[in-house]
Amino acid sequence: MPQSLSAIRETIKDASIEELEEALYLLKGDERKGALSLAQTIERRIRAEKDEADRLAGLYSFEEGLIDERDARIAVGLDEVGRGAVAGPLAVGAVVLDREMPPIKCLDDSKKLKSEVRERVSRDVKASCLASCVVYVEPEAIDEMGISNALRQAFKEAVSKIEQAGITPDVILLDGNPMHLDSREVNVVKGDSRCASIAAASVIAKVERDALMTSLDESFPGYQFAQNKGYGTSDHMCAIEQKGLSTIHRRSFLTKMEQETLF
């Protein structure tokens with residue numbers, strides 16, 4: 001007696017590509033009502049799973065190419081979060097992936113991931129990598145030194161923390177334009193969506209900074225930091241007009257905005 005369609009649906013909920021293909025084979029020639037629709041659903045799942053596997057493979061192979069062409073062994077990926085926020089710290093993540101471990105499922109540019117997926121990916125990154133850290137530059141320091149210098153300081157500190165953990169990278173992979181931090185620096189345009197360790201750094205930095213801004217919402221009520229994470233949304237700007245600036249606002253950013261008549 002053939003397996004019921006409801007049982008097949010239950011079986012494929014968390015199925016691998018191989019299991020999906022097996023289920024599709026079982027449905028071949030099945031004339032029961034709903035069998036064709038289920039088969040089409042499985043075919044779409046298989047295509048999506050294969051596309052995702054190809055995307056992940058590309059993310060890792062791109063990085064492998066950068067490492068191998070420099071005759072290197074260990075790379076650290078770095079990325080920043082919160083550069084354009086008007087409140088809260090700048091965060092820089094750094095990750096050294098274990099090249100012997102399988103690809104981290106759903107790894108991608110943090111901005112492309114839903115929050116619950118991002119949090120799971122962050123846990124998986126930390127559980128499987130050789131080393132990771134997130135460093136912050138506080139608003140007052142950003143105001144004093146400017147955002148470019150703040151970025152340089154944070155990137156240098158992140159690399160230093162990785163080295164203090166006993167890992168010396170041969171290559172430092174940075175998202176975006178040259179920072180001229182180190183002779184090992186390699187810059188990757190749109191690196192957070194092209195290079196595995198940079199994507200991983202973007203994920204852990206965003207997860208940690210988002211959690212910090214959510215906690216700061218309790219200390220600084222009314223600015224909706226839990227929702228806007230310190231970025232200049234319309235509601236956030238209205239709250240500043242009504243309440244004034246808090247101690248975690250970047251005054252240099254807001255002075256510039258005022259000059260541009262955004263208030």
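These numbers come from the heavy atoms of this one structure, side chains and all, not from hydrogens, waters or symmetry mates.
- For the atom pair OG of Ser122 and CD1 of Ile204, the computed distance is 6.5 Å after rounding to the nearest 0.5 Å.
- Follow the hydrophobic side-chain contacts under 4.5 Å out from Leu56 and you reach Val125 in the same cluster.
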*With side-chain contact (heavy atoms from CB on, under 4.5 Å) as the test, would you mind laying out the steps for Ile172 and Val159 before giving the verdict?*
CA-CA 8 Å; Ile172 299 172; Val159 173; 4.0 Å; yes
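- The backbone N or O of Ser197 lies less than 3.5 Å from a partner atom in the side chain of Glu63, making a donor-acceptor pair.
- Formation of a donor-acceptor pair under 3.5 Å by the Glu218 side chain with backbone atoms of Ser215 is not found in this model.
- For the 3.5 Å distance criterion, the side chains of Ser115 and Glu119 fail to qualify, holding no donor opposite an acceptor.
- A single hydrophobic cluster is not seen to contain both Ile74 and Ile198; linkage of ILVMFWY side chains at heavy-atom distances under 4.5 Å, directly or through other members, places them apart.
- Linking Ile, Leu, Val, Met, Phe, Trp and Tyr residues whenever their side-chain heavy atoms come within less than 4.5 Å leaves Leu151 and Val186 in two separate clusters.
- Put simply, the side chain of Ser160 never gets that close to the backbone of Lys156: no donor and acceptor are under 3.5 Å apart.
- Atoms OG and CD, on Ser202 and Glu80 in that order, are 9.5 Å from each other to the nearest 0.5 Å.
- With values rounded to the nearest 0.5 angstrom, Asp192 atom CG is found 7.5 Å from Lys112 atom NZ.
- Applying the side-chain contact (heavy atoms from CB on, under 4.5 Å) test between Leu130 and each of Val96, Val95, Leu97 identifies Val96 as the sole match.
- Both tests do not hold together for Arg152 against Phe155: distance to the six-membered ring centre under 6.0 Å, angle to the ring axis within 45°.
- From Glu138, atom CD reaches atom CZ of Arg250 across 9.5 Å, with rounding to the nearest 0.5 Å.
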*For Arg55 and Asp109, run salt bridge (charged side-chain N to carboxylate O under 4.0 Å, His left out): C-alpha distance rounded to whole Å, both residues' side-chain angles, the deciding distance at 0.1 Å, then the answer.*
CA-CA 12 Å; Arg55 185 193 66 79; Asp109 173 4; over 6 Å; no
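- Linking Ile, Leu, Val, Met, Phe, Trp and Tyr whenever their side-chain heavy atoms come within less than 4.5 Å leaves Tyr60 and Leu66 in two separate clusters.
- Ion pairing between a basic and an acidic side chain is recognised when a charged N comes within 4.0 Å of a carboxylate O; Glu144 and Arg251 show no such pairing.
- To the nearest 0.5 Å, atoms CG (Asn228) and NE2 (His236) are separated by 5.0 Å.
- In terms of modelled atom types and a separation under 3.5 Å, the side chain of Arg120 and the main chain of Glu116 share no donor-acceptor contact.
- The backbone N or O of Arg73 lies less than 3.5 Å from a partner atom in the side chain of Arg99, making a donor-acceptor pair.
- Taking the six-membered ring where the residue is Trp, Phe220 and Phe225 present perpendicular rings, their angle passing 60° and hence far from 30°.
- Ser37 places no side-chain N or O within donor-acceptor distance of the main-chain N or O of Gly34, the cut-off being under 3.5 Å.
- Residues Ile147 and Tyr231 are members of separate hydrophobic clusters, defined by side-chain heavy-atom contacts under 4.5 angstrom among Ile, Leu, Val, Met, Phe, Trp and Tyr.
- Partner of Lys50 under the salt bridge (Lys or Arg N to Asp or Glu O under 4.0 Å) criterion, chosen from Glu18, Glu21, Glu43: Glu21.
- Using modelled atom types, one side-chain atom of Asp143 and one backbone atom of Ser252 make a donor-acceptor pair closer than 3.5 Å.
- Atoms CD and CG, on Glu49 and Asp54 in that order, are 11.5 Å from each other to the nearest 0.5 Å.
- Using a 4.0 Å cut-off between charged side-chain N and carboxylate O, Arg194 and Asp79 make no salt bridge.
- Between Asp108 and Arg118, none of the side-chain N atoms (NZ, or NE/NH1/NH2) sits under 4.0 Å from a carboxylate O, so this pair counts as no salt bridge.
- For Lys161, the NZ atom sits in a loose shell: 12 or fewer heavy atoms of surrounding residues, nucleotides or ligands are nearer than 6.0 Å.
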